[in-house]
2 protein chains.
Amino acid sequence: MTAVPARDRLVRAAASLFRRKGYDGVGLAEILAVSGLPKGSLYHHFPGGKSELARAATLSAGGVVEELVNDAFADAADFREGAVRTCRAIIGLAVQPDGVLACPVMSVLQAASDEPELRRVAKTVMSGWSACLAGHADRLGVNDARGVGEHLLALLQGAWILALAEQNGAPLERLATRLAAGEGARVFS
Amino acid sequence: MTAVPARDRLVRAAASLFRRKGYDGVGLAEILAVSGLPKGSLYHHFPGGKSELARAATLSAGGVVEELVNDAFADAADFREGAVRTCRAIIGLAVQPDGVLACPVMSVLQAASDEPELRRVAKTVMSGWSACLAGHADRLGVNDARGVGEHLLALLQGAWILALAEQNGAPLERLATRLAAGEGARVFS
DNA sequence: CAATGTCTAGACCGAACGGTCTAGCTATAG
DNA sequence: CTATAGCTAGACCGTTCGGTCTAGACATTG
């Protein structure tokens, strides 16, 4: 039947809803409705309530994205190829049938202003992504790998925001094209 | 006395609070407390309530940022110089005494999922910024001005997100440094 | 069998939410 | 003066919020 454990169903429902409406835009009732569980289950698995669930969802989503980045770079000949593949993979993550969804970290970032633990988790996941990209840059012989990793992360996050605002994956597609454009990959002419 | 008209005080308070906690994270009570006005005033100036106020705040903030960009590019010798100045100006906007605040558009972007009009305004403002940067790129003789404008906007938004997650302006500072680095301004080596 | 620990189920609570509505203050117009 | 329009003031409403708590289902263990 429900092969997926209750805890996982909660994490997935929360992550999905947060990405659509943001942490403060989603009520417990909605999370429970989507996961098909009663309130008692939520507070059994997450005694810390909504905040603890959000932390788990953010960490989980962070891992998913990092895996996706590693896959994109796994068989990349150089950093640029990995970057393009990563960008295309993120398009698949962002663009869903019912619209463009936000980055999971961004979706909890503002609510974190009065939730220090959630803030810490968001920062950790984001730093992890930066380090992950920097690691691939270094491995592939890029100079100033840390700077380049951060630069690419900023580009991806920024294009994701533009796509979110437009509710259209095009900004991410165009970024992929620009990244792929080879030697012309300078920021400016 | 209160030289600032009531309507403006509402818009400013709302914009400031939204940037700190996001649209859904701020209650009317808080906006009214900051602006020092009763509920009646809000619904007199904004019959559409919170949503209409958010639209006004987003539009207003959009104008402020666009002016700031135009100032940054006003006496720039080339596009790179304008980009660096813009980035530094945004640091001033993002980094406040009580922490790093979000981009005003981003702060309402997620709540816009069930507020079509707010979504439209957010998209309009963001497109305006992109067009503004593209205009300066074109004026300064950059090839593919639209693409470069969008690219810079993505970089700025992305670095802003990183700064928000870290609660530290460093990612924006490093972007400015990278942009200023001249010929090395390629995305990758 | 009984006892125990895990998890589901949902009624219930006080607080905060966005929004409505009436009353009254103030200033300009006639 | 009175009349009227613009705005302030805040009580009040129904709804939804996150969170607590008791009851019971169910499987495991002795």
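Order of the sequence lines fixes the chain letters, A, B, ..., with proteins taken first and strands second; residue numbering starts at 1 for each chain.
Taking both residues in full, the closest heavy atoms of B:E52 and B:H45 are given as OE2-O, 4.3 Å, listed atom of the first, atom of the second, then distance.
In this entry the distance linking CD1 of B:I31 with P of C:dG18 reads 7 Å, nearest Å. In this structure, B:E52 places its CD atom 15 Å from P of C:dG18, rounding to the nearest Å. At whole-Å resolution of the value, OH in A:Y43 and C1' in D:dT22 are 17 Å apart. The CG-P distance, from A:L32 to D:dT20, rounds to 14 Å in whole Å. The separation between B:K21 atom NZ and C:dC17 atom C1' is 14 Å, rounded to whole Å. Rounded to whole angstrom, the span from the CG atom of A:D24 across to the C1' atom of C:dA16 amounts to 13 Å. Rounded to a whole Å, the CG atom of B:D114 is 18 Å from the P atom of C:dC17.
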For nucleotides 22-29 of chain C, tabulate all protein N/O to nucleotide N/O atom pairs closer than 3.5 Å, reporting atom names and distance.
none

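A salt bridge is defined here as a Lys NZ or Arg NE, NH1 or NH2 lying under 4.0 Å from an Asp or Glu carboxylate O, and A:D24 with B:K21 fails to meet this definition. A salt bridge is defined here as a Lys NZ or Arg NE, NH1 or NH2 lying under 4.0 Å from an Asp or Glu carboxylate O, and B:E81 with B:R85 meets this definition.
Side-chain contact between A:H151 and B:R174 is absent, with no heavy-atom pair separated by less than 4.5 Å. In this structure, the side chains of B:L32 and B:P38 stay at 4.5 Å or more apart for every pair of heavy atoms.
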(request) List the protein contact pattern of nucleotides 4-17 of chain D with one symbol per nucleotide (5' to 3'): B for base contact, S for sugar-phosphate-only contact, - for none; contact means a heavy-atom distance under 4.0 Å. (result) ---BBBBB-----S

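Between A:H136 and A:F73, the ring-plane angle classifies as parallel under the 30° and 60° cut-offs.
Both the sub-6.0 Å distance and the 45° axial angle are satisfied by B:K50 relative to the ring of B:Y23.
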(request) Could you walk me through whether A:R146 and A:D138 pass salt bridge (Lys or Arg N to Asp or Glu O under 4.0 Å), step by step? (result) CA-CA 8 Å; A:R146 284 185 65 85; A:D138 185 56; over 6 Å; no

